[in-house]
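Reviewing the structure listed below.
All heavy atoms count here, side chains included; hydrogens, waters and symmetry mates do not.
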Amino acid sequence: MSTPAGVLLARHGETDDNVPPLRFQGWRDTPLNETGRRQARQLARRVAGLGIVALFTSDLSRARETAEIVGAELKLEPLLDARLREANRGRWEGRLFDDVAEAEPERLATYLRAGAQWRFPGGESLQEQQDRVSACVEEIRHSAPAPALAVCHGGSIRVMLSRSDPRGLAAFHDFQVPNTAMVSV
C-alpha cells in the first residue's frame, strides 16, 4: 500500500445504536459491540501498511476503543481529543430516528436538508461541529508527524467532507460513511 499524506479520518466500529432501529448517538457514550470490535481489528489490518506515525481519537468510548485496537496493531498510543466528537445532538440523543420522525416530522425534515444553520434541539449546529473538528484536523496536520490517523464519528467525517463541496454543509447527508470507513482530508 502507498503511504497517505496528511490526515486520515476513520469512523469508529459498530455500536448497538448503529443497527436498526437506529438511534441518535451524539455525545451519548455507547460502546462498541462485538461486530464493532471485529471491524476495528479489520481497520487495524487495513492501515498497518500505511506508515501511520500518529494516532488521534475522539474521547467517546466507541471511537476510543476502535483507536486502541488500531493502536495495538500500529504500536501507537492514541491521543484523545474531544474536538473529534460527534455533534452534540441535544435532546435527540438516545432517541430512535423513527420516534423523532413521528414526534417532530418538520424538524427532522429540516435536519435532512442540513446546512450550516441546522442546530440539534438543545445541541450544537453543524457549523459549530465543523468548526471544532476542522480546528482539530488542522492542528494535527500542522503539528503532528504525518501520516496521521484520527478515529472519530460519521458526522465528524461528513462535516469535513462538506468543506470541499460547493454546497457546503447542505451536502452533509450526501456522504455515506459506514462504520470504519476511512477518508483522507
- Taking only residues at least two apart or on different chains, which pairs with a member in residues 68-81 satisfy side-chain hydrogen bond (donor to acceptor under 3.5 Å, both in side chains)? D81-R83
- Task: Determine, step by step, whether R163 and V185 satisfy the side-chain contact (heavy atoms from CB on, under 4.5 Å) criterion, reporting the C-alpha distance in whole Å, the side-chain angles of both residues, the deciding distance to 0.1 Å, and the verdict.
- Result: CA-CA 10 Å; R163 287 181 2 160; V185 293; over 6 Å; no
- Message: Using the side chain to side chain contact (heavy atoms under 4.5 Å, CB included) criterion, which residues pair with L76? Sequence neighbours excluded.
- Response: I52, L55, L74
- Item | Over all atoms of both residues, closest heavy-atom pair of A103 and R95 | CB-NH2, 3.6 Å
- Item | Q130 versus Q127, side-chain donor and acceptor atoms under 3.5 Å | yes
- Note on the structure: In terms of heavy-atom contacts, N179 and N18 come closest through ND2-OD1, 3.2 Å
- Message: Membership question, hydrophobic clusters at under 4.5 Å side-chain separation (ILVMFWY): are L80 and L60 in the same one?
- Response: no
- Message: M160 and side-chain contact (heavy atoms from CB on, under 4.5 Å): which single residue from V7, V183, V133 fits?
- Response: V133
- Message: Are the side chains of C152 and L9 in contact, using a 4.5 Å heavy-atom criterion?
- Response: yes
- Message: Checking side chain to side chain donor-acceptor pair (under 3.5 Å) between Q129 and each of H153, E86, R85, which is the one that passes?
- Response: E86
- For the pair Q42 and T180, evaluate side chain to side chain donor-acceptor pair (under 3.5 Å) and give the outcome as yes or no after the intermediate values. CA-CA 9 Å; Q42 291 168 345; T180 66; 5.7 Å; no
- Task: Mind checking the CD-CZ spacing from E124 to R119? Nearest 0.5 Å is all I need.
- Result: 8.0 Å
- Task: Run the numbers on R28 and T15 for side-chain contact (heavy atoms from CB on, under 4.5 Å), then give the verdict.
- Result: CA-CA 11 Å; R28 179 177 151 99; T15 71; over 6 Å; no
- Can you sort out the partners of W27 under ring pair (Phe, Tyr, Trp, His ring centres under 6.0 Å), two or more places apart, ordered by chain and number? none
- Whether Q39 side chain and E14 backbone form a donor-acceptor pair below 3.5 Å: yes
- Item | Heavy-atom closest pair, residues R11 and I157 | N-CD1, 3.5 Å
- Query: Do L169 and Q117 come within less than 4.5 Å of each other through their side chains, counting heavy atoms only?
  - Reply: no
- Task: Of all the heavy-atom pairs spanning G155 and F172, show the shortest one and how long it is.
- Result: O-CE1, 3.6 Å
- Stepwise side-chain contact (heavy atoms from CB on, under 4.5 Å) test for T66 and L32: CA-CA 8 Å; T66 301; L32 295 179; 3.5 Å; yes
- Nearest-0.5 Å distance that lies between atom CG in L79 and atom CG in D59: 12.5 Å
- Flag side-chain contact, heavy atom, 4.5 Å: E65 against R37: yes
- The side chain to side chain contact (heavy atoms under 4.5 Å, CB included) partners of A54 (sequence neighbours excluded) come to F56, A144, P145, A148
- Do L8 and I69 share a hydrophobic cluster (ILVMFWY, side-chain heavy atoms under 4.5 Å, transitive)? no
- Exercise: identify the closest heavy-atom pair between L96 and P21: CD2-O, 3.5 Å
- Under the side chain to side chain contact (heavy atoms under 4.5 Å, CB included) test, which residues partner A181, sequence neighbours left out? V177, P178
- Keeping the roles fixed (side chain from R158, backbone from H173), state whether a donor-acceptor pair exists under 3.5 Å. no
- Item | Full working for side-chain contact (heavy atoms from CB on, under 4.5 Å) between E104 and Y111 | CA-CA 11 Å; E104 302 179 61; Y111 166 63; over 6 Å; no
- Task: Indicate the ring-plane relationship of W92 and F24, choosing parallel, tilted or perpendicular according to the 30° and 60° boundaries.
- Result: tilted
- Task: Mark yes or no for whether D29, through its side chain, and S61, through its backbone, hold a donor-acceptor pair below 3.5 Å.
- Result: yes
- Message: Among residues at least two apart in sequence or on other chains, which ones pass side-chain hydrogen bond (donor to acceptor under 3.5 Å, both in side chains) with R141?
- Response: E138
- Query: What is the distance from atom CZ of R64 to atom NE2 of H12, rounded to the nearest 0.5 Å?
  - Reply: 12.5 Å
- Item | hydrophobic_cluster_shared for F97 and W118, side chain cutoff 4.5 Å | yes
- For A40 against V70, the heavy-atom pair lying closest together: O-CG2, 4.0 Å
- Query: Are L112 and L161 in one and the same hydrophobic cluster, where Ile, Leu, Val, Met, Phe, Trp and Tyr link if side-chain heavy atoms are under 4.5 Å apart?
  - Reply: yes
- Query: Is it true that R167 and D174 have a side-chain N and a carboxylate O under 4.0 angstrom from each other?
  - Reply: yes
- Separation of D16 CG from N33 CG (nearest 0.5 Å): 5.0 Å
- Side-chain heavy atoms of N88 within contact of F120, under 4.5 Å: no
